[in-house]
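Letters A, B, ... are given to chains in the order of the sequence lines, protein chains preceding strands, and every chain is numbered from 1. Because only heavy atoms are used, hydrogens play no part in the values below, and waters and symmetry mates are left out as well, while side chains stay in.
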Amino acid sequence: YALTGSFWKKKQLFWRVRSFPQGSALSQDIVRNLMHYALTAWGTEVGMTFQEAEPRVGTEPEILIDFARAYHKDSYPFDGPGGTLAHAFFPGDHPISGDTHFDDEEVWTFGESDSGGTDLFAVAVHEFGHALGLAHSSAPNSIMRPFYQGPAGDPSKYRLPPDDREGIQQLYGKGPNSPHPEPTRKPLVPPPQPPGQPPDSPSAPVPDRCSGNFDAIANIRGEVFFFKGPWFWRLQPSGQLVSPRPAKLHRFWEGLPEHVVTVDAAYSRPSDGRILLFSGRQFWVFQDRQLEAGSPKLLTELGLPPGEVVDAVFSWPQNGKTYLIRGEQYWRFDEAVHSVDPGYPKNLNLWEGAPSAPDDVTIGNKGDTYFFKGTEYWRFAPGSVVAEPGSPHPMGPDWLDCPPSAPGPPAPR
Amino acid sequence: RTPEPSAQDVSLSVDWLTRYGYLPPPHPAQAQLQSPEQLRDAIKIMQRFAGLKETGLMDEATLATMKKPRCSLPDVLGVAGLVRRRR
């Protein structure tokens with residue numbers, strides 16, 4: 001899932017259908033019922049309630065729903081049947097925040113197969129995800145995938161896919177275990193709570209990314225992961241953070257033992273795309289997000305002396321070798337023969353200008369080598385072992401969407 | 001060999017990639033040509049997002065996915081997202 005960075009600060013929201021589909025087989029009551037169930041699907045997971053507002057009474061509801069055609073006074077004109085189906089506005093203080101628009105030129109259906117039209121309930125659940133603060137997800141089963149995926153089934157029994165549940169609970173916390181509030185329409189089947197998961201709350205303290213001092217940083221398939229304690233942030237190739245709020249280590253890296261709460265170093269192995277997370281004297285090997293059998297392995301298996309740990313690991317594209325750094329020394333590991341090259345460890349001063357004991361080292365998407373330490377980074381042009389003039393640079397503004405004057409401890413030299 | 005996409009397909013695809021946040025919006029005061037590398041990277045990200053094979057090419061599956069009914073909001077909330085928030 002991906003968060004937009006905005007969410008509602010209250011747990012009860014009001015909604016109203018301001019305009020209904022023209023010439024649709026769906027009655028106004030059915031449309032209102034479907035909206036109710038689509039909102040409830042989200043509310044159930046986080047303990048939020050959604051109340052239908054009476055027209056022209058009191059203040060405007062947060063979520064105003066319209067069925068509109070073509071240009072309708074926002075920047076997302078509809079395009080007739082097919083193409084774009086609907087959109088919604090993220091939470092915020094602007095009057096349009098939370099509003100949800102459906103293309104009135106679609107054939108909206110309920111309880112039919114795909115061929116009859118577009119399932120209004122499925123699209124409504126997706127759009128209300130935006131209205132509550134979620135962005136599009138690439139997870140295969142997520143309702144927040146941008147493409148229409150067909151009918152979502154019985155609205156009164158619908159339950160969000162796990163990816164979407166986790167996303168909304170990151171924003172609003174998990175709903176109370178008490179029975180579901182009295183339904184205002186047809187009875188709902190309260191979904192069972194997933195067992196064995198600790199309660200999460202959006203107010204739970206999370207580390208500050210702008211203070212730097214990451215445990216590990218790795219470029220994994222074009223995205224840069226910043227690890228700090230049991231959390232990590234992801235920076236997309238576009239330079240955009242997936243979310244300013246960090247994700248939980250153990251929810252993403254499936255199979256990583258709970259007792260591993262710090263990742264010392266991480267890198268993506270170019271030879272087979274596996275991702276290696278180092279912690280203490282061990283490392284864990286992942287294929288995508290899943291832990292591979294045989295993990296953990298000992299650093300001694302890579303040829304490091306017994307008891308040794310690493311500060312940083314990276315694979316240098318110029319020679320395909322893997323560099324394991326500890327303090328002011330480094331070992332060069334040959335993936336092809338699966339052993340450390342003779343003559344190592346050597347002094348890190350090969351990398352002219354680089355800090356000793358870096359937090360981590362990673363390769364950028366254009367082949368540059370980046371050393372990170374504290375709140376600063378050193379850039380080495382592709383193939384170069386001399387830090388570029390002006391290094392180190394402050395990390396926060398360049399990598400993590402932090403203000404230039406972000407407070408933080410100076411990098412240890 | 002994958003057949004070359006038509007000029008119209010390329011044009012529509014660039015428009016699609018821009019609209020959904022994979023490519024930066026054109027500068028209002030200048031014509032903008034996308035470099036082949038930038039276009040290939042954008043296609044790859046789109047393919048990853050859509051669960052397609054990452055070829056970086058406007059292949060048949062990619063073009064078909066671009067024609068699927070979908071939500072109007074961008075997938076990559078970069079500049080497009082900021083524009084939307086400003087309004």
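Of the two parts of Pro146(A), the backbone and the side chain both hold a non-hydrogen atom closer than 4.5 Å to a non-hydrogen atom of chain B. Contacts between Ala42(B) and chain A at a heavy-atom distance below 4.5 Å are absent for every atom of the residue. Ser137(A) touches chain B through its backbone: at least one of N, CA, C or O sits under 4.5 Å from a heavy atom, while the side chain does not. Contacts between Gln236(A) and chain B at a heavy-atom distance below 4.5 Å involve the side chain alone, from C-beta outward.
To the nearest 0.5 Å, the span separating NE2 on His130(A) from OG on Ser72(B) amounts to 8.5 Å. The distance from atom NZ of Lys366(A) to atom CD of Glu37(B), rounded to the nearest 0.5 Å, is 10.0 Å. Leu85(A) CG to Lys68(B) NZ: the interatomic distance, rounded to the nearest 0.5 Å, is 12.5 Å.
When side chains are defined from C-beta on, Arg221(A) does not count as touching Lys44(B), because their heavy atoms never get closer than 4.5 Å. Using a 4.5 Å cut-off on side-chain heavy atoms (C-beta onward), Phe49(B) and Arg145(A) make no contact.
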Side chain to side chain contact (heavy atoms under 4.5 Å, CB included) assessment of Cys71(B) paired with Phe147(A) | CA-CA 7 Å; Cys71(B) 174; Phe147(A) 304 99; over 6 Å; no

Take Glu223(A) and Arg48(B) through the test side chain to side chain contact (heavy atoms under 4.5 Å, CB included) and record every step on the way to the result.
-> CA-CA 12 Å; Glu223(A) 290 191 347; Arg48(B) 189 186 312 164; 4.3 Å; yes

Walk me through it: do Leu73(B) and Phe90(A) pass the test side chain to side chain contact (heavy atoms under 4.5 Å, CB included)?
-> CA-CA 10 Å; Leu73(B) 297 191; Phe90(A) 302 137; 3.9 Å; yes

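Atom CG of Asp15(B) has more than 12 neighbouring heavy atoms from other residues, nucleotides or ligands inside a 6.0 Å radius.
Contact count against chain B (heavy-atom pairs under 4.5 Å) is highest for Gly83(A) among Pro81(A), Gly82(A), Gly83(A), Ser97(A).
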